[in-house]
Amino acid sequence: MAQLWGGRFTKETDQLVYDFNASITFDKRLLPQDIRGSKAHATMLAAVGVITEEERDSILAGLDGILADATSGALEITTKYEDVHSFVEANLIDRIGDAGKKLHTGRSRNDQVALDMRLYIRGEVSALEERVLDLMKTLQSLMAENLDTYMPGFTHLQKAQPVSFSHHIGAYMEMFKRDFGRLTDIYQRLNYCPLGAGALAGTTYPLDRNLTASLLGFTGPTLNSMDSVSDRDYCIELLSACATIMMHLSRFSEEIILWNSNEYGFIELDDAYSTGSSIMPQKKNPDIAELVRGKTGRVYGALTSLLTTMKGIPLAYNKDMQEDKELTFDAIDTVKNCLTLFNGMIATMQLRKDTMAVSAMRGFTNATDAADYLVKKGVPFRDAHGIIGRLVLYCIEKNSAIDELTLEELQAIDPHFEQDIFDAISLKTCVEARNTIGAPGPVPMKAVIAENAAFLESLTIDPA
Ligand code: ARG
């Protein structure tokens, strides 16, 4: 046990208490952030004259050494230390002696851990932005290549009206555009430096909080010391954005699973992104999509968990807040993995374009267009709806599509039908005639694709 706070205690901590309280097993991943923050703090302390320049230089070199040795494995981060902060301080003192004891001047682990978490989350926001951007690039290619790949659009999972594959993918593109925007918003809101808030009430040392903030690439310092050490909104916001990304990936996964099934056969997943069965030799399962769908639950769990942890905590820091780490780390790792794997899966899948088109043709997805055809011939819409309803019934009995009937059969149901009906209700016409903004026709689709290209080009990843 290497504790920072033994002075006022006369007894050793109970081992179970020590283990229960310690966070080193999971907060060791904050080592780079802890070192970075400590270097900025030492630099600032020297700038305001609290430590000397020699002490600063010795601290900076010591901290760099600890990071290098921990990274190479020469220095092991063990459970002998309560948390990553204790590990760094103890090792610094071992290395450089008394100057190391001055690093924690004007600082508490409360503002230190708040800083480490912000730095970590900030870096992970950028990592997530990168992955969402990669996914959007794949979606953009699928959109550009499939303007005339026709498929049924569904409502209630019943075939409804034909769309293009490009249009269907475009719906997900919109979702991930919003996800990217959410990440950017979170970055801007979290990018304030809590270091200097002390335990909860600032300090009497003349700390230059603007300098610390700017050394660490923050927009500025946070403005209330109590809020600074007890705010975890940025974790909650990120978990919320992560939960939304997973909800999108999960819906998409569900469609991939359906499309890849024998019954749909709209796509075939690449062998590299599928798995087999130990007993059934014929199987090729969409495990990646299923796992993405499944892992959505644990990311939602992290959000609910942290919201619940935070809801009863009085100001300012309380140990409950240590619970922010494992679930936030796990959720971010999960989302990053899911984005990468999902992207690879859809970039390599094969489209069964003929099967999609046949499915659209065999599902009366042109029934609305057939009714609209009659309207154009002067039939009131409600009457046209009834006529096409009877026509569909006739087709179901005959097991045929509307456009497979002869003109005579059509005219027997309604005399307004003429030869031009066949062109009016072809799959191609049904899609290509829908040209209002946001519709699947080629005019709005090309406009959206051009807009997306400019958008993707304009995006910048926030600095970690
Ligand atoms: N391991 C702690 C956490 O993650 C660090 C802050 C400890 N502060 C304290 N007053 N015990 O929250």
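Remember, it's 1-based here, ligands and their atoms both numbered in the order they're listed. Because the structure is a prediction, the values reported are computed rather than measured.
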Could you tell me whether some N/O pair between Lys325 and ligand 1 is separated by less than 3.5 angstrom?
yes

Should you measure from each heavy atom of Gln322, which atoms of ligand 1 turn up under 4.0 Å away?
1 (N), 2 (C), 3 (C), 4 (O), 12 (O)

Do Asp83 and Lys325 sit within salt-bridge range, that is, some charged N less than 4.0 Å from a carboxylate O?
no

State whether Arg95 and Asp69 are salt-bridged, where the test is any N-O pair (Lys NZ or Arg NE/NH1/NH2 against Asp/Glu carboxylate O) under 4.0 Å.
yes

Numbering the atoms of ligand 1 from 1, which are under 4.0 Å from a heavy atom of Asp83?
1 (N)

For atom 8 (N) of ligand 1, find the nearest protein heavy atom and state the residue, atom name and distance (0.1 Å precision).
Asn110 OD1, 2.9 Å

Cationic N near anionic O, under 4.0 Å, Lys177 to Glu174
yes

Top protein contact for atom 12 (O) of ligand 1, by heavy-atom distance
Tyr317 OH, 2.5 Å

Per-residue contact class, Glu82 against ligand 1 - non-hydrogen pairs under 4.0 Å
neither

Closest protein heavy atom (residue, atom, distance) for atom 11 (N) of ligand 1
Arg109 NH2, 3.8 Å

Could you list which atoms of ligand 1 come closer than 4.0 Å to a heavy atom of Ser23?
1 (N)

Considering both backbone and side-chain atoms of His85, is one of its nitrogen or oxygen atoms within less than 3.5 Å of a nitrogen or oxygen in ligand 1?
no

Would you say Tyr205 has more than 12 foreign heavy atoms packed within less than 6.0 Å of its OH?
no

With under 30° as parallel and over 60° as perpendicular, where do the rings of Phe87 and Tyr81 fit, or are they tilted in between?
perpendicular

Are any of the side-chain nitrogens in Glu82 or Lys319 under 4.0 Å away from the carboxylate oxygens of its partner?
yes

Strictly below 4.0 Å, N to O, side chains only: are Asp179 and Arg182 in salt-bridge contact?
yes

